[in-house]
S.K.: 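I am attaching a structure below and will ask some questions about it afterwards.
Quick caveat: nothing in here was measured; it's all calculated off a predicted structure. Residue numbers start at 1 and run along the sequence shown.
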Amino acid sequence: MISVIIPIFNSEEYLPSLFWALEKCEFEKEDEVLLIDNGSTDNSLNLCKEKEKENPNLYKCLTYVEKASSYAARNYGVKESRGDVLVFTDSDCKPEAGWLTAIRNNIKEGVVIAGKISLEVTEKKVWQLFDSIAHLQSEANSKRQNVATANMAVLKKDFYRVGVFENRFSGGDYDWSRRAAANKLKIVYVEDAFVYHPTRKNFQEILKKEQRIAFGSGNHYKLQKKKLFFLVGKYFLKCFKIDTNIRYSKALYQMGIKGGEIIKFNIGFIKIRMDQLKYVIKGYNNEDVRQLGIK
């Protein structure tokens, strides 16, 4: 039995596409989809309740507002799930037909499935292209024994063998991956377990993403009782890693981005690095992410 676990926060614009995509998936009689609303302020919760009412045998709408964290919401979903196979995806993803069949065919004890994540580039503009090469590279990440919860499957007993997700704001899947490797689980890339994920469309969306990642790193250091000094030093040095700018600039040029736009990209990238330094401190201090506007 499969339990699909999807955290929800202000996903109103994405939920119709998600539900449409899930209709194409190969659910069996006892399978379930758990929609865990994490304190949405738009119409997301109502849309989830409507879906549950429409198909109560498959959908279960839950709320978890104790902590503003998709990972805490996922942990709550695992606790409430009935399946022996846990499947994770995000509210802005669109699973393709064959997704669950591929998971059923490849899941086994000691294996974590990292499914294919295809980032949808709707326009060949600089920040969309940057997002497509910088984030959610599931095949490359799986070779480094990392898995993203945008498309992940694991037996429930193996999940608990590793332990629940760290209740941090961002990056909990990579922390979990590290612990999975320490527990001798193998992360396996399965191309046929396929979901689409939208790219972020502009600088502000990318900036918010990077702020969230840095905030989550600060959370992690605090939870692990590590000293902030070393984390600040790490992020301070990242501001001067010119090789990263060069690598992304070359990739964008090869994708057809002109010199003037690449210069603008690098100016924006410096801003991102500076904000990462600022937000890693905010994460360490456990500031309210909803007050910061990065949830």
S.K.: Just by distance, do the side chain of Asn75 and the backbone of Phe165 share a donor-acceptor pair under 3.5 Å?
M.R.: yes

S.K.: Test your reading of the model: is there a side-chain donor-acceptor pair from Ser40 to the backbone of Leu45, 3.5 Å cut-off?
M.R.: no

S.K.: Using the salt bridge (charged side-chain N to carboxylate O under 4.0 Å, His left out) rule, take Lys116 and Glu96 through it: C-alpha gap first, then chi angles, then the decisive distance, then the call.
M.R.: CA-CA 10 Å; Lys116 180 177 179 179; Glu96 275 289 279; over 6 Å; no

S.K.: Starting from Ile246 and following side-chain heavy-atom contacts under 4.5 Å between hydrophobic residues (I, L, V, M, F, W, Y), which residues can be reached?
M.R.: Ile242

S.K.: Quick one: does Leu86's side chain get under 4.5 Å of Leu155's, heavy atoms only?
M.R.: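 No - every pair of side-chain heavy atoms lies 4.5 Å or more apart.
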
S.K.: With sequence neighbours left out, what residues match Asn151 under side-chain contact (heavy atoms from CB on, under 4.5 Å)?
M.R.: Trp99, Ile117, Val195

S.K.: Would a distance-only check, ignoring hydrogens and angles, find a side-chain to backbone donor-acceptor pair under 3.5 Å from Trp176 to Gly163?
M.R.: yes

S.K.: Let me see the working for Arg74 and Asp90 under salt bridge (charged side-chain N to carboxylate O under 4.0 Å, His left out), right down to the final yes or no.
M.R.: CA-CA 10 Å; Arg74 290 183 183 98; Asp90 292 340; 2.9 Å; yes

S.K.: Checking side chain to side chain contact (heavy atoms under 4.5 Å, CB included) for the pair Phe19/Tyr59: CA distance, chi angles, key distance, verdict?
M.R.: CA-CA 10 Å; Phe19 294 149; Tyr59 290 94; 4.3 Å; yes

S.K.: Hydrophobic cluster mates of Ile263, side-chain heavy atoms under 4.5 angstrom, ILVMFWY only, any path?
M.R.: Ile267

S.K.: Do side-chain atoms of Asn10 reach the backbone of Asp42 as a donor and acceptor pair under 3.5 angstrom?
M.R.: yes

S.K.: Using 0.5 Å steps for rounding, measure from the CG atom of Leu228 to the NZ atom of Lys226.
M.R.: 12.5 Å

S.K.: Locate the shortest heavy-atom distance separating Val280 from Ser217; write the atom from each residue and the value.
M.R.: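 Shortest heavy-atom contact: CG2-CB, 4.1 Å.
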
S.K.: Hey, could you give me the CD/CG distance between Glu205 and Asn202, rounded to the nearest 0.5 Å?
M.R.: 4.5 Å

S.K.: Are Leu252 and Phe265 packed together at the side-chain level, in the sense that at least one heavy-atom pair is separated by less than 4.5 angstrom?
M.R.: yes

S.K.: By side-chain contact (heavy atoms from CB on, under 4.5 Å), which residues pair with Leu277, not counting sequence neighbours?
M.R.: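 With neighbours one apart ignored, the set is Val232, Tyr235, Phe236.
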
S.K.: For the NZ atom of Lys278 and the CG atom of Asp275, what is their distance to the nearest 0.5 Å?
M.R.: 4.5 Å

S.K.: Apply the test side chain to side chain contact (heavy atoms under 4.5 Å, CB included) to residues Lys29 and Met1: give CA-CA distance (whole Å), side-chain angles for both, the deciding distance (0.1 Å), then the verdict.
M.R.: CA-CA 9 Å; Lys29 184 178 179 181; Met1 176 183 173; over 6 Å; no

S.K.: Of the non-hydrogen atoms in Ser70 and Asn38, which two are nearest, and what is the gap between them?
M.R.: N-OD1, 4.0 Å

S.K.: Shortest non-hydrogen contact from Pro198 to Tyr14?
M.R.: CG-CE2, 4.0 Å

S.K.: Considering non-hydrogen atoms only, spot the tightest contact between Ala114 and Ile187 and give its length.
M.R.: CB-CG2, 3.9 Å

S.K.: Apply side-chain hydrogen bond (donor to acceptor under 3.5 Å, both in side chains) to Ser11 and list each qualifying residue two or more places apart in sequence or on a separate chain.
M.R.: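 Ser11 satisfies side-chain hydrogen bond (donor to acceptor under 3.5 Å, both in side chains) with Ser91 only.
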
S.K.: Measuring from Glu28:CD to Leu100:CG, what's the distance to the nearest 0.5 Å?
M.R.: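 Between Glu28 CD and Leu100 CG, I get 9.0 Å after rounding to 0.5 Å.
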
S.K.: I'd like to know if Asp31 pairs up with Arg104 as an ion pair, taking the criterion as any Lys NZ or Arg NE/NH1/NH2 lying under 4.0 Å from an Asp or Glu carboxylate oxygen.
M.R.: yes

S.K.: Side chains of Ser249 and Asn266 only: does a donor on one sit below 3.5 Å from an acceptor on the other?
M.R.: yes

S.K.: Walk me through whether Lys238 and Gln276 qualify under side chain to side chain contact (heavy atoms under 4.5 Å, CB included).
M.R.: CA-CA 9 Å; Lys238 284 176 74 172; Gln276 285 179 323; 4.1 Å; yes

S.K.: May I ask you to say whether Asp243 pairs ionically with Arg247, meaning some side-chain N is under 4.0 Å from a carboxylate O?
M.R.: no

S.K.: What's the verdict on side chain to side chain contact (heavy atoms under 4.5 Å, CB included) for Thr149 and Ile5, showing C-alpha distance, side-chain angles and the deciding distance?
M.R.: CA-CA 10 Å; Thr149 44; Ile5 297 171; over 6 Å; no

S.K.: With under 30° as parallel and over 60° as perpendicular, where do the rings of Tyr248 and Phe130 fit, or are they tilted in between?
M.R.: perpendicular

S.K.: Does Arg212 count as lying over the ring of Phe215, i.e. NZ or CZ under 6.0 Å from the six-ring centre, within 45 degrees of the axis?
M.R.: no

S.K.: Is a side-chain donor-acceptor pair under 3.5 Å present for Glu26 with Thr101?
M.R.: yes

S.K.: With side chains defined as the heavy atoms from C-beta onward, is the minimum distance between Val154 and Ile113 less than 4.5 Å?
M.R.: no

S.K.: Nearest heavy-atom pair of Ala153 and Ile103: which atoms, and what distance?
M.R.: CB-CG2, 3.8 Å

S.K.: Crowded around Tyr253 OH? As in, over 12 foreign heavy atoms under 6.0 Å?
M.R.: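 Check fails, neighbour count at 12 or below.
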
S.K.: Which value, rounded to the nearest 0.5 Å, describes the distance between Met255 atom CE and Lys250 atom NZ?
M.R.: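 It is 16.0 Å, given to the nearest 0.5 Å.
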
S.K.: Assess whether salt bridge (charged side-chain N to carboxylate O under 4.0 Å, His left out) is satisfied between Lys51 and Glu54, documenting all intermediate values.
M.R.: CA-CA 5 Å; Lys51 198 64 184 176; Glu54 176 188 313; 2.9 Å; yes

S.K.: For the pair Glu123 and Lys201, evaluate salt bridge (charged side-chain N to carboxylate O under 4.0 Å, His left out) and give the outcome as yes or no after the intermediate values.
M.R.: CA-CA 8 Å; Glu123 294 181 282; Lys201 304 297 188 292; over 6 Å; no

S.K.: Are any side-chain N or O atoms of Ser3 and backbone N or O atoms of Gly83, one a donor and one an acceptor, separated by less than 3.5 Å?
M.R.: yes

S.K.: Do the non-hydrogen side-chain atoms of Ile272 and Ile206 ever get within less than 4.5 Å of each other?
M.R.: yes

S.K.: Hey, does the side chain of Asn219 reach the backbone of Gly283 with a donor-acceptor pair shorter than 3.5 angstrom?
M.R.: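 At least one qualifying donor-acceptor pair exists.
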
S.K.: Looking at side-chain heavy atoms only, is the closest gap between Trp20 and Lys24 below 4.5 Å?
M.R.: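 Answer yes - side chains close enough.
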
S.K.: Please give me the minimum heavy-atom distance between Cys48 and Cys61, naming the atom from each residue.
M.R.: CB-SG, 3.6 Å

S.K.: Flag the pair Glu32 / Arg82 as yes when at least one side-chain heavy-atom distance between them is below 4.5 Å, and no otherwise.
M.R.: yes

S.K.: Can a salt bridge be assigned to the pair Glu261 and Lys264 using a cut-off of 4.0 Å between side-chain N and carboxylate O?
M.R.: yes

S.K.: Within a strict 4.5 Å, meaning less than it, do heavy atoms of the Trp127 and Lys125 side chains meet?
M.R.: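 Result no, sub-4.5 Å side-chain heavy-atom pair not found.
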
S.K.: Hey, does the Lys NZ or Arg CZ of Lys156 hover above the aromatic six-ring of Phe159, less than 6.0 Å from the centre and inside 45° of the axis?
M.R.: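 Cation-pi check for Lys156 and Phe159: fails.
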
S.K.: Do we see a donor-acceptor contact under 3.5 Å between the side chains of Tyr71 and Asp173?
M.R.: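 Yes, side-chain donor-acceptor contact under 3.5 Å.
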
S.K.: Indicate yes or no: does Arg179 engage Glu166 in a salt bridge with an N to O separation below 4.0 Å.
M.R.: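 The answer is no: the pair does not qualify as a salt bridge.
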
S.K.: Report yes if some heavy atom in the side chain of Leu34 is under 4.5 Å from a heavy atom in the side chain of Leu62; otherwise report no.
M.R.: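 Yes, at least one pair of side-chain atoms sits under 4.5 Å.
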
S.K.: Quick check for you: to the nearest 0.5 Å, what is the distance between Arg200 atom CZ and Glu210 atom CD?
M.R.: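 Here the rounded value is 8.5 Å.
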
S.K.: Under 6.0 Å from the CD atom of Glu23, do we count more than 12 heavy atoms belonging to anything else shown?
M.R.: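 Counting other residues, nucleotides and ligands, CD of Glu23 exceeds 12 neighbours.
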
S.K.: Is a donor from one side chain sitting under 3.5 angstrom from an acceptor on the other, for Asp37 and Ser44?
M.R.: no

S.K.: Report the hydrophobic cluster partners of Met274, with the cluster defined as I, L, V, M, F, W, Y residues connected by side-chain heavy atoms closer than 4.5 angstrom, directly or transitively.
M.R.: Ile270

